[in-house]
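Notes for the one structure printed next.
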Amino acid sequence: MDIEVFRPRYEIEECLTEIRECLTEGWTGAGFKTSQFEEAWKFYTHLPNALFVNSATSGLHLAVKALKDRRGWHQGDEVVSTPLTFVSTNHALLYEGLAVRFADVDDSLCLDPDSVESTITPRTKAVMYVGMGGNSGRLDEIIAICASKGLDLILDAAHLAGTRVNGEHIGPGASVVVFSFQAVKNLPTADSGMVCFTNPSDDEYARKLSWMGINKDTYARTQGKGSYKWMYEVESVGYKYHGNSIMAAIGLAQLRYLDRDNAYRRQLARWYDDALGPSQRVVKIPITVGCESSRHLYPVLVDNRDEVVLALNSAGIAPGVHYRTNTDYPMYSYGAGKCPVAEDMSRRLLSLPMHLGLGFDEISYVASTLVSITERRSVHV
Ligand SMILES: *Cc1c(COP(=O)(O)O)cnc(C)c1O
């Protein structure tokens, strides 16, 4: 079987125990396990609020929509973002009619603070930052820029479950942090995510939006009186974005192992580091000093990437590419040519297999195969 880039691994018995509780209780929807998981996530990250949603994509949309409504942003107001990401990041901004202004990345694959600063205009309302592969990049500088200019900071933390910076879980300093618990992410469910606002009233607003705009407080009040239990108020045109108890059940079980699993991912990364050695043809991505990365990805840069991928495929290795620059896609093509570093990386990036089913032997095989492919190629060229 091929060595795949990702493969989720579940604590099956513990997941089933948690799921069985939902089925026994007759409660699979929002509430019950979703509340337990929100509490557990706040305890784990030390972030003040947590709203469990059905995906990070929904969560990013909810985050953007809540900030836009509550801050009074208008159609066409700008958000500075990265072109080197999964399209969810930027689609969330387009859903709300905001203008995506691309800044370039640095050698961490994350936004370059200097480029962000020069991309900000009087219409800029926020910065959207992605911690690529688990790396924090220069997030501290981005936080300082946003603070000094009065901009909101949205952190797409899809790769950052368990990433710590100077011993503290990443997230403080952003207006909102959005995690993904999609199956191939570090805390796998099937599909779900968590939205963590700094401000409790942003959380409260988004919570209503996540369930059709229904005001659950009113519902709770009427329920308390013992009559009109069916009654609720609808305050806005919300969405069906909340998470369910089956996903939360899996999340609760998996969360117990997140630190252990991320530590193993860092071990895999060290094995790659050693096995790739100082090869000039396989360029590693530096992890920021002070960052204990979740190591969602192990990205490298190689020349002739597409041919290298085909050669790896022939050797039974199926790497990934995270990501193509979003300016390759029609809705973002207006940004082509503006982010030369991201565009160059987009052509050279490769994500080596990184998951809990791998061991030293597979890592050694992938690394030595990659090194020999790139060396062979450079001899022929
Ligand atoms: C996976 C991912 C998302 C979307 O997460 P879902 O939970 O699948 O919606 C968003 N941004 C980045 C950077 C991702 O990797």
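Every number for a ligand or one of its atoms is a count from 1 in the order of the listing. For the single chain, residues carry numbers from 1 onward in sequence order.
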Quiz item: Would the His159 and Phe86 ring centres measure less than 6.0 Å apart?
Solution: no
Quiz item: Between Ser88 and ligand 1, which part of the residue brings a heavy atom under 4.0 Å of the ligand: side chain, backbone, both or neither?
Solution: side chain
Quiz item: Of all the non-hydrogen atoms in the protein, which one sits nearest to atom 11 (N) of ligand 1, and at what distance?
Solution: Asp156 OD2, 2.8 Å
Quiz item: By number and element, which atoms of ligand 1 are closer than 4.0 Å to a non-hydrogen atom of Ser180?
Solution: 5 (O), 6 (P), 7 (O)
Practice problem: Assess the pair His242 and Phe52: is the distance between their ring centroids shorter than 6.0 Å? | Solution: no
Quiz item: In terms of the angle between their ring planes, are Phe181 and Phe179 parallel, tilted or perpendicular, with boundaries placed at 30° and 60°?
Solution: parallel
Exercise. Just need the protein heavy atom nearest to atom 12 (C) of ligand 1, so name the residue and atom and give the distance.
Key: Ala158 CB, 3.4 Å
Practice problem: Report, in ascending order of atom number, the atoms of ligand 1 lying under 4.0 Å from any heavy atom of Ser55. | Solution: 7 (O), 9 (O)
Self-check item: ligand 1 to Thr85 polar contact by distance, N or O atoms, under 3.5 Å
Solution: no
Practice problem: Look at Arg20 together with Glu13 and state whether they make a salt bridge at an N to O cut-off of under 4.0 Å. | Solution: no
Quiz prompt | For Thr89, atoms of ligand 1 separated by under 4.0 Å from a heavy atom | solution = 11 (N)
Practice problem: Looking only at protein heavy atoms, identify the closest one to atom 15 (O) of ligand 1 and say how far it is in Å. | Solution: His159 NE2, 2.8 Å
Exercise. Under 4.0 Å from a heavy atom of Ala56: give me the atoms of ligand 1 that qualify, with their elements.
Key: 4 (C), 5 (O), 6 (P), 7 (O), 9 (O)
Quiz item: So which protein heavy atom does atom 8 (O) of ligand 1 come closest to, and at what separation?
Solution: Gln182 CG, 3.5 Å
Quiz item: Phe181 to ligand 1: N or O pair under 3.5 Å?
Solution: no
Quiz prompt | Within reach of ligand 1, part of Tyr323 (heavy-atom separation under 4.0 Å) | solution = side chain
Practice problem: Check step by step if ring pair (Phe, Tyr, Trp, His ring centres under 6.0 Å) holds for Tyr298 and His322. | Solution: CA-CA 10 Å; Tyr298 191 93; His322 301 93; over 10 Å; no
Quiz item: Looking at atom 1 (C) of ligand 1, what's its closest protein heavy atom, distance included?
Solution: Lys185 NZ, 1.5 Å
Quiz prompt | Whether Trp271 and Tyr264 hold their rings parallel, tilted or perpendicular, with breakpoints at 30° and 60° | solution = perpendicular
Practice problem: Just say parallel, tilted or perpendicular for the rings of Tyr239 and His61, cut-offs at 30° and 60°. | Solution: perpendicular
Self-check item: Salt-bridge contact Asp114-Arg138 (side-chain N to carboxylate O under 4.0 Å)
Solution: yes
Quiz item: Considering only protein heavy atoms, which is closest to atom 9 (O) of ligand 1, and at what distance to one decimal place?
Solution: Thr57 OG1, 2.5 Å
Quiz item: Does a donor on one side chain sit under 3.5 Å from an acceptor on the other, for Thr85 and Asn90?
Solution: no
